[in-house]
Amino acid sequence: MSSAKPPTEPVPRAISGHDSANALDPCAARGPDSSLSFKFCGLDFASPIVLLSGCVGFGEEYTRIEGFTNRDAGAIVLKGTTLEPRLGNPPHRVYETPAGMLNAIGLQNPGTDHVVGRILPELDFDETRFIANVSGSTVEEYVEVTRRFDQSPIDAIEINISCPNVKEGGVAFGNYPEMSAQVVAACRRVTRKPLITKLSPNQTDIRENARRCIEAGSDGLSVINTVMGMAIDVHSRRPVIGNVQGGLSGPAIKPIALLKVHQVYEVARPHRIPIIGQGGITTATDALEFIIAGASAVGIGTALFYDPRVCKRVNDGIADYLRENGLNTVSELVGTLRAGK
Ligand SMILES: Cc1cc2nc3c(=O)[nH]c(=O)nc-3n(C[C@H](O)[C@H](O)[C@H](O)COP(=O)(O)O)c2cc1C
């Protein structure tokens with residue numbers, strides 16, 4: 001499964017008496033290969049890897065784990081944030097499925113004031129780029145949250161119009177191109193920061209939605225959010241997930257996500273709108289498939305839950321592939337899918 005290879009560079013000695021994770025893991029100090037750096041919506045990314053919203057808390061989640069560093073990611077997307085704090089859905093909120101997981105967290109978060117006032121000042125913006133994930137129940141709420149992040153040090157704003165786990169807003173906007181475009185256009189008016197729209201796979205034609213979001217002013221697209229699903233406890237004959245339905249993520253959705261990226265790329269390419277491809281990526285080969293399909297960056301979410309060191313493996317595997325194929329940068333590989341067999 002893993003395409004990780006032993007380090008080819010001499011391994012520096014850990015500094016004695018220094019107990020930080022980076023000192024213990026010599027590879028961590030090295031950072032991603034320089035061939036992996038590129039610009040995404042005008043921002044410098046050290047790697048094509050983006051750690052996905054809801055899977056990495058507010059940027060601090062894995063930093064205590066030996067061998068993990070935020071520097072291995074080109075960007076980190078913070079947990080979905082609404083104007084007011086939210087407690088989220090009743091349990092169970094997560095459930096493991098064959099090759100994936102269902103979740104219905106329900107956008108639990110401490111609210112925009114807390115995120116902007118307390119959490120952002122604690123983040124180290126030298127480590128990586130940080131992207132806010134904006135959610136809401138009304139267009140006005142999306143706009144207000146976007147406005148507050150616009151006045152913060154955050155690097156970019158991702159609009160989550162595709163959350164399947166809340167009763168109002170979320171996917172109710174994302175599944176209808178006209179409503180998606182309204183949200184994007186309204187948020188566009190209140191920020192000059194890069195605006196990335198996260199598209200739902202739970203709709204008839206993702207291409208049309210992507211086109212409308214681009215016309216409305218989106219600078220980038222995240223493809224895809226989770227796929228709606230459910231699980232039933234046959235003993236109680238009740239839904240396992242408290243919210244009845246949840247979002248399916250992990251390797252189970254990878255083929256769906258890959259096709260959606262391929263479809264959205266057709267629409268986004270003429271406008272030079274970059275895509276963060278995501279859905280079930282766990283290896284460098286998965287990531288390469290998404291890049292060849294048209295993704296400029298690749299998101300990793302669920303894989304972090306069982307392997308927080310996945311970023312290093314994926315970075316190394318992509319860098320090896322570039323070398324072996326005579327490519328100097330990841331950008332040279334984006335959208336290079338050959339027609340037919
Ligand atoms: C537990 C959990 C919470 C999530 N929360 C959010 C969220 O708050 N906002 C959002 O846009 N996406 C959220 N997502 C979706 C992920 O960001 C990602 O798009 C999706 O899981 C597909 O990627 P993966 O298969 O690598 O996990 C969440 C996913 C999981 C598993």
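Ligands are counted one by one from 1 in listed order, and the atoms in each one are counted from 1 as well.
Looking only at protein heavy atoms, the nearest one to atom 8 (O) of ligand 1 is Lys79 NZ, 2.9 Å. In terms of protein heavy-atom proximity, atom 15 (C) of ligand 1 is nearest to Asn225 OD1, 3.4 Å. Nearest protein heavy-atom contact of atom 26 (O) of ligand 1 is Gly301 N, 3.0 Å. Protein heavy atom closest to atom 13 (C) of ligand 1, with residue, atom name and distance, is Ser53 O, 3.1 Å.
Proximity of Thr302 to ligand 1, defined as any heavy-atom pair under 4.0 Å, is shared by backbone and side chain alike.
Counting heavy atoms only, Thr226 comes closest to atom 20 (C) of ligand 1 of the residues Ile276, Thr226, Val298.
No N or O atom of Leu107 sits closer than 3.5 Å to an N or O atom of ligand 1.
The local environment of CD in Glu60 is crowded, with over 12 non-hydrogen atoms from other residues, nucleotides or ligands closer than 6.0 Å.
Ion pair Glu122/Arg118 not flagged as a salt bridge, since none of the NZ, NE, NH1 or NH2 atoms sits closer than 4.0 Å to an Asp/Glu carboxylate oxygen. For Asp205 and Arg207, the salt-bridge test passes: some basic side-chain N is under 4.0 Å from an acidic carboxylate O.
Glu144 places no side-chain N or O within 3.5 Å of a backbone atom of Glu140 that could act as its donor or acceptor partner.
Listed by number with element, the atoms of ligand 1 under 4.0 angstrom from any heavy atom of Ile224 are 19 (O).
Side-chain contact check for Thr128 and Asn70: no donor-acceptor pair (N or O, by modelled atom type) lies under 3.5 Å.
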